Q: 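I am attaching a structure below and will ask some questions about it afterwards.
What you see below is based on every heavy atom in this structure, not just the backbone, and it leaves out hydrogens, waters and symmetry mates. The structure presented is a predicted model; accordingly, all values stated were derived computationally and were not measured. The sequence lines fix the lettering, A, B, ..., with proteins before strands; numbering per chain opens at 1.
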Number of protein chains: 2
Amino acid sequence: MNQKDSTRYETRAKVLKALAHPTRLFIVDELSKGERCVCELTEMVRADISTVSKHLAVLKNAHVVSDEKRGNQVFYTLRIHCAPEFFRCVEHLLEEGSRETNPCTSQG
Amino acid sequence: MNQKDSTRYETRAKVLKALAHPTRLFIVDELSKGERCVCELTEMVRADISTVSKHLAVLKNAHVVSDEKRGNQVFYTLRIHCAPEFFRCVEHLLEEGSRETNPCTSQG
DNA sequence: ATTCTATTTGGCTAGTTAGCCAAATAATGA
DNA sequence: TCATTATTTGGCTAACTAGCCAAATAGAAT
């Protein structure tokens, strides 16, 4: 594993780490339906707004979402559109339980 | 967000958390080429074998890999075949930098 | 049974993260 | 300007994770 590869894996890890939290996954799911402001998301996750804001900062920092301020609200948009597809695959895998093969293969 | 949803996001998070480490991502990449034993992986990542073993345990626990003992070696196999595809998408996203759209969209 | 090789597990420390509250910042409107 | 609403940031503690070493476990070969 050379330097270039290390960097690649660290970069990937950063994105996955950002995604690897239930609340943030909920946010990603919600944003896959369209942009939402912080207050909308806060109401949905029922946590302190500062907590939600920090979760959004983590996602933004990992380039998973982007933000746009309009008036005194900040709207967040999902950037990583392949996420829902991947989650579907992950869930499929888990449902299959202990099977050896799964139909979620995407290698030619 | 109801109980069922919470569980769903926790389940997803578990898998993503398992993936969210440079060394484990390297392992996943390597296993995408075929099964490997612990000693092979250990040599490649140049870390203590106990560390590698623990990383593999994390991946196994999240159903990302499965293991099979043959002789006195343990061979690990990748189960989550959609991972490489997803990583490709993630990297694409990061290369695009700050663009609004990216071609990695997989929603019809 | 003993030794060798491969792997896992326990235990420890240092570093990271989550989530709350309080305070700061920013836009809006009176 | 001052108050109101929306959001971010700082600070703190509790919980979790990585990675090393040492010890335990397991199969193979002598």
Q: Atom CD1 of I49(B) to atom C1' of dT25(D): distance rounded to whole Å?
A: 13 Å
Q: For the pair made of CG in N61(A) and C1' in dT16(C), what is the distance, rounded to whole Å?
A: 15 Å
Q: Do the numbers put R70(B) on top of the ring of F75(B), so that NZ or CZ is under 6.0 Å from the six-membered ring centre and no more than 45° off the axis?
A: yes
Q: Scan R24(B) against the nucleic acid and name what it touches under 4.0 Å (heavy atoms): base, sugar-phosphate only, or nothing.
A: sugar-phosphate
Q: Return whichever of N72(A) or A20(A) has its heavy-atom-nearest nucleotide of DNA chain C closer to the 5' end.
A: A20(A)
Q: I need the NZ-P distance between K54(A) and dA6(D), as an integer number of Å.
A: 20 Å
Q: Salt bridge or not between D48(B) and K54(B)? Use side-chain N to carboxylate O under 4.0 Å.
A: no
Q: Roughly, in whole Å, what's the span from CG in L56(B) to P in dT9(C)?
A: 12 Å
Q: Please check: side-chain N/O of S53(A) versus main-chain N/O of S50(A), any donor-acceptor pairing under 3.5 Å?
A: no
Q: Side chain of S53(A) only, heavy atoms from C-beta on: which candidate in dA6(D), dA28(D), dT9(D) is closest?
A: dT9(D)
Q: At under 4.0 Å between heavy atoms, what does K17(B) touch on the DNA or RNA strands: base, sugar-phosphate, or nothing?
A: sugar-phosphate
Q: Once you round it to whole Å, what is the distance between P of dT17(C) and CG of L59(A)?
A: 14 Å
